[in-house]
Amino acid sequence: MPELKTLGLFLLTALAEIVGCYLPYLWLREGKPIWLLLPAALSLMLFAWLLTLHPTASGRVYAAYGGVYIFVAILWLWTVDGIRPSVWDLMGSAVALLGMAIIMFAPRS
């Protein structure tokens, strides 16, 4: 069960980071209103706080989180940007998730 909690926390963390970066993108590149920077800042604060909730060493968390971020970014590409991921995108995401699983769930002494 701790594995599911870790994965869920990583997914929430990745979503908070992506939203926090996507909203300024909308303002800068798409001409959306500047007030989007407020929820972006809140989302990035949530992202940083969520990273602190993991019970393992921060370097390990950051390394493993990267794999989940890649997966969520590819889902974002598909669901928000409307671009269907290629086979290579999906394979890269799978490799990244495998790396995350090895880092986070390998037996430790």
message: Which residues end up grouped with W27 if you chain together Ile, Leu, Val, Met, Phe, Trp and Tyr wherever their side-chain heavy atoms are less than 4.5 Å apart?
response: L28, I34, L37
message: R108 vs R60, test: side-chain contact (heavy atoms from CB on, under 4.5 Å). Steps then yes/no.
response: CA-CA 12 Å; R108 307 237 188 277; R60 184 172 292 131; 2.9 Å; yes
task: Could you pull out all residues at least two apart from L23 that satisfy side chain to side chain contact (heavy atoms under 4.5 Å, CB included)?
output: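 V19, L26, L36, P39, A40.
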field: Side chain to side chain, M100 and F105, heavy atoms closer than 4.5 Å
entry: yes
message: Nearest 0.5 Å, please: how far is NE2 in H54 from CG in L9?
response: 3.5 Å
- prompt: What distance do R29 atom CZ and Y22 atom OH have between them, rounded to the nearest 0.5 Å?
  reply: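 With rounding to 0.5 Å, CZ (R29) is 12.0 Å from OH (Y22).
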Treat each ILVMFWY residue as a node, draw an edge where side-chain heavy atoms are under 4.5 Å apart, and state whether [X] and [Y] are in one component.
X: V72; Y: L77; answer: no
X: I18; Y: L12; answer: no
X: L15; Y: L7; answer: yes

Return all side-chain donor-acceptor pairs below 3.5 angstrom for residues 78-98, not counting sequence neighbours, or 'none' if the list is empty.
unit_1 : atom_1 : unit_2 : atom_2 : d
T79    : OG1    : L75    : O      : 2.9
S86    : OG     : W88    : N      : 3.2
S86    : OG     : D89    : N      : 3.0
S86    : OG     : D89    : OD2    : 3.3
D89    : OD2    : S86    : N      : 2.8
S93    : OG     : D89    : O      : 3.0

Only pairs under 3.5 Å count here: list side-chain donor-acceptor contacts from residues 61-70, not counting sequence neighbours, and write none if there are none.
unit_1 : atom_1 : unit_2 : atom_2 : d
Y65    : OH     : E17    : OE1    : 2.3

Without placing hydrogens or testing angles, list every side-chain donor-acceptor pair under 3.5 Å for residues 42-51, not counting sequence neighbours.
unit_1 : atom_1 : unit_2 : atom_2 : d
S43    : OG     : A16    : O      : 2.5
S43    : OG     : G20    : N      : 3.4

